[in-house]
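Worksheet: one structure, shown below.
Both counts, for ligands and for their atoms, begin at 1 and track the order of listing.
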Amino acid sequence: MNAYAFTAEERARIEAICQKYPTRQSAVMPTLWIAQEKFGELSPPVIRLVAETLGLPSAHVEGVATFYTMYLTQRKGKWLLELCTCFTCGECGGRELWDYIQTTLQLNDEGVTPDGLFWFREAECLGACDTAPVLQIEGRRMVFSVNPEKLEKVLEQLRRGELPAFESVFIRNPE
Ligand code: FES
(Lines give C-alpha, C1' and ligand atoms only; values in the text may rest on other atoms or scores of the structure.)
Protein backbone atom coordinates (compact mmCIF):
# COMPACT_ATOMS: atom_id res chain seq x y z
CA MET A 1 0.00 0.00 0.00
CA ASN A 2 1.23 3.50 -0.83
CA ALA A 3 2.45 5.13 2.41
CA TYR A 4 1.39 8.48 1.02
CA ALA A 5 -2.33 8.54 0.54
CA PHE A 6 -5.30 10.52 1.76
CA THR A 7 -8.14 8.71 3.45
CA ALA A 8 -11.61 8.80 1.92
CA GLU A 9 -12.60 11.33 4.57
CA GLU A 10 -9.62 13.57 3.72
CA ARG A 11 -10.38 13.31 0.03
CA ALA A 12 -13.96 14.35 0.72
CA ARG A 13 -12.69 17.35 2.71
CA ILE A 14 -10.42 18.34 -0.16
CA GLU A 15 -13.22 17.98 -2.71
CA ALA A 16 -15.46 20.15 -0.53
CA ILE A 17 -12.72 22.80 -0.51
CA CYS A 18 -12.39 22.59 -4.30
CA GLN A 19 -16.13 23.20 -4.66
CA LYS A 20 -15.72 26.61 -3.04
CA TYR A 21 -13.47 27.91 -5.80
CA PRO A 22 -13.74 28.39 -9.56
CA THR A 23 -10.52 26.44 -10.20
CA ARG A 24 -8.76 23.58 -8.41
CA GLN A 25 -5.56 25.65 -8.28
CA SER A 26 -7.24 27.76 -5.62
CA ALA A 27 -7.42 24.72 -3.34
CA VAL A 28 -3.66 24.15 -3.31
CA MET A 29 -2.96 26.03 -0.08
CA PRO A 30 -5.63 24.38 2.11
CA THR A 31 -4.79 20.99 0.63
CA LEU A 32 -1.11 21.48 1.39
CA TRP A 33 -2.08 22.32 4.95
CA ILE A 34 -4.13 19.12 5.27
CA ALA A 35 -1.15 17.17 3.90
CA GLN A 36 1.31 18.83 6.26
CA GLU A 37 -0.91 18.15 9.28
CA LYS A 38 -1.11 14.51 8.25
CA PHE A 39 2.46 13.78 7.14
CA GLY A 40 4.38 16.39 9.16
CA GLU A 41 6.21 17.74 6.12
CA LEU A 42 5.72 18.29 2.42
CA SER A 43 8.36 15.95 1.07
CA PRO A 44 8.46 15.21 -2.70
CA PRO A 45 6.03 12.24 -2.48
CA VAL A 46 3.58 14.36 -0.48
CA ILE A 47 3.83 17.15 -3.05
CA ARG A 48 3.08 14.57 -5.76
CA LEU A 49 0.11 13.27 -3.78
CA VAL A 50 -1.35 16.78 -3.47
CA ALA A 51 -0.75 17.41 -7.17
CA GLU A 52 -2.41 14.13 -8.19
CA THR A 53 -5.33 14.72 -5.85
CA LEU A 54 -5.97 18.14 -7.34
CA GLY A 55 -5.10 17.16 -10.91
CA LEU A 56 -2.37 19.79 -11.15
CA PRO A 57 1.31 19.69 -12.18
CA SER A 58 3.67 18.86 -9.32
CA ALA A 59 5.77 21.90 -10.23
CA HIS A 60 2.83 24.19 -9.50
CA VAL A 61 2.19 22.61 -6.08
CA GLU A 62 5.89 22.63 -5.26
CA GLY A 63 6.10 26.31 -6.20
CA VAL A 64 3.42 27.16 -3.64
CA ALA A 65 4.88 24.86 -0.96
CA THR A 66 8.35 26.36 -1.28
CA PHE A 67 7.17 29.98 -1.41
CA TYR A 68 5.38 30.23 1.95
CA THR A 69 7.32 29.72 5.17
CA MET A 70 4.32 28.09 6.88
CA TYR A 71 4.84 25.05 4.67
CA LEU A 72 7.63 22.70 5.69
CA THR A 73 9.26 20.84 2.85
CA GLN A 74 11.67 19.32 5.35
CA ARG A 75 10.87 18.99 9.03
CA LYS A 76 13.91 19.33 11.25
CA GLY A 77 12.46 18.78 14.72
CA LYS A 78 9.33 17.23 16.20
CA TRP A 79 7.81 20.56 17.28
CA LEU A 80 8.30 23.76 15.30
CA LEU A 81 8.40 26.88 17.46
CA GLU A 82 8.71 30.27 15.82
CA LEU A 83 9.61 33.25 17.96
CA CYS A 84 8.80 36.65 16.55
CA THR A 85 11.89 38.83 16.71
CA CYS A 86 10.48 41.45 14.36
CA PHE A 87 10.56 45.09 15.45
CA THR A 88 8.02 45.22 18.30
CA CYS A 89 8.69 41.74 19.66
CA GLY A 90 12.42 42.25 19.29
CA GLU A 91 12.26 45.47 21.31
CA CYS A 92 9.99 43.95 23.94
CA GLY A 93 12.27 41.10 24.94
CA GLY A 94 12.18 38.89 21.85
CA ARG A 95 15.83 39.39 21.00
CA GLU A 96 16.95 38.56 24.53
CA LEU A 97 14.63 35.56 24.58
CA TRP A 98 16.06 34.34 21.29
CA ASP A 99 19.58 34.56 22.73
CA TYR A 100 18.37 32.78 25.87
CA ILE A 101 16.79 29.97 23.80
CA GLN A 102 19.88 29.46 21.69
CA THR A 103 22.12 29.23 24.73
CA THR A 104 20.02 27.29 27.22
CA LEU A 105 18.55 24.83 24.73
CA GLN A 106 21.85 24.37 22.87
CA LEU A 107 20.35 24.80 19.43
CA ASN A 108 22.42 23.59 16.52
CA ASP A 109 22.98 25.65 13.36
CA GLU A 110 19.51 24.70 12.14
CA GLY A 111 17.82 25.73 15.39
CA VAL A 112 17.21 22.19 16.63
CA THR A 113 17.72 20.95 20.20
CA PRO A 114 20.15 18.03 20.71
CA ASP A 115 17.25 15.59 21.30
CA GLY A 116 15.54 16.68 18.06
CA LEU A 117 12.37 17.54 19.96
CA PHE A 118 12.27 21.29 19.35
CA TRP A 119 13.02 23.20 16.18
CA PHE A 120 13.19 26.96 16.69
CA ARG A 121 13.04 29.61 14.00
CA GLU A 122 12.79 33.37 14.10
CA ALA A 123 9.57 34.72 12.63
CA GLU A 124 8.56 38.00 11.05
CA CYS A 125 5.63 39.91 12.57
CA LEU A 126 2.86 37.51 13.54
CA GLY A 127 0.25 40.25 13.79
CA ALA A 128 -0.07 40.28 17.57
CA CYS A 129 2.41 43.04 18.42
CA ASP A 130 0.37 44.29 21.39
CA THR A 131 1.29 41.10 23.27
CA ALA A 132 4.94 40.97 22.29
CA PRO A 133 6.96 38.87 22.30
CA VAL A 134 4.94 36.21 20.54
CA LEU A 135 5.68 32.53 19.99
CA GLN A 136 3.90 30.43 17.37
CA ILE A 137 3.76 26.64 17.66
CA GLU A 138 3.32 24.47 14.57
CA GLY A 139 1.80 27.42 12.75
CA ARG A 140 -1.46 27.01 14.63
CA ARG A 141 -1.10 27.99 18.28
CA MET A 142 0.07 31.39 19.50
CA VAL A 143 1.59 32.06 22.91
CA PHE A 144 1.59 35.69 23.95
CA SER A 145 3.93 37.75 26.16
CA VAL A 146 6.51 34.96 26.29
CA ASN A 147 9.33 35.05 28.81
CA PRO A 148 11.72 32.29 29.93
CA GLU A 149 9.30 31.00 32.61
CA LYS A 150 6.34 30.85 30.22
CA LEU A 151 8.51 29.26 27.56
CA GLU A 152 9.62 26.53 29.97
CA LYS A 153 5.97 25.71 30.76
CA VAL A 154 5.22 25.50 27.04
CA LEU A 155 8.17 23.18 26.45
CA GLU A 156 7.05 20.94 29.33
CA GLN A 157 3.61 20.61 27.77
CA LEU A 158 5.10 19.82 24.38
CA ARG A 159 7.38 17.20 25.93
CA ARG A 160 4.18 15.54 27.16
CA GLY A 161 2.81 15.74 23.62
CA GLU A 162 0.26 18.45 24.43
CA LEU A 163 -0.27 21.73 22.59
CA PRO A 164 -0.66 24.65 25.03
CA ALA A 165 -4.22 25.84 25.53
CA PHE A 166 -5.61 28.39 23.11
CA GLU A 167 -5.13 31.93 24.42
CA SER A 168 -7.99 34.16 23.39
CA VAL A 169 -7.09 37.55 21.97
CA PHE A 170 -9.93 38.92 24.10
CA ILE A 171 -8.48 37.87 27.44
CA ARG A 172 -4.76 38.14 26.82
CA ASN A 173 -4.65 41.64 28.38
CA PRO A 174 -7.29 41.30 31.13
CA GLU A 175 -6.60 44.69 32.72
S1 FES B 1 6.38 42.31 15.82
FE2 FES B 1 5.97 40.39 16.78
S3 FES B 1 3.85 40.10 16.45
FE4 FES B 1 4.29 41.95 15.46
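- Under the 3.5 Å distance criterion, the side-chain polar atoms of Glu52 are left unmatched by any main-chain donor or acceptor of Ile47.
- Listed by atom number, the atoms of ligand 1 under 4.0 Å from Cys86 heavy atoms are 1 (S).
- Taking 4.0 Å as the cut-off between side-chain N and carboxylate O, Arg121 and Glu110 do not count as a salt-bridged pair.
- Using a 4.0 Å cut-off to heavy atoms of Cys84, the atoms of ligand 1 that qualify are 1 (S), 2 (Fe), 3 (S).
- For Lys38, the NZ atom counts as densely surrounded, since its 6.0 Å shell holds more than 12 non-hydrogen atoms of other residues, nucleotides or ligands.
- Residue Glu15 places its CD atom among more than 12 non-hydrogen atoms of other residues, nucleotides or ligands, all under 6.0 Å distant.
- For the pair Ala132 and ligand 1, no heavy-atom separation below 4.0 Å is found.
- Because the distance cut-off is set at 2.8 Å, Cys125 qualifies as a neighbour of atom 4 (Fe) of ligand 1 through one of its N, O or S atoms.
- If you number the atoms of ligand 1 from 1 as listed, the ones under 4.0 Å from a heavy atom of Ala128 come out as 3 (S).
- Counted by atom type alone, Glu82 and Gln136 present one or more donor-acceptor pairs between their side chains at under 3.5 Å.
- Close contacts of ligand 1 with Thr88, meaning ligand atoms under 4.0 Å from a residue heavy atom, involve 1 (S).
- The contact set between ligand 1 and Gly127, taken as ligand atoms under 4.0 Å from a residue heavy atom, comprises 3 (S).
- A salt bridge does not link Glu138 to Lys78: none of the charged side-chain nitrogens sits closer than 4.0 Å to a carboxylate oxygen.
- For Cys129, heavy-atom contacts with ligand 1 shorter than 4.0 Å involve the backbone as well as the side chain.
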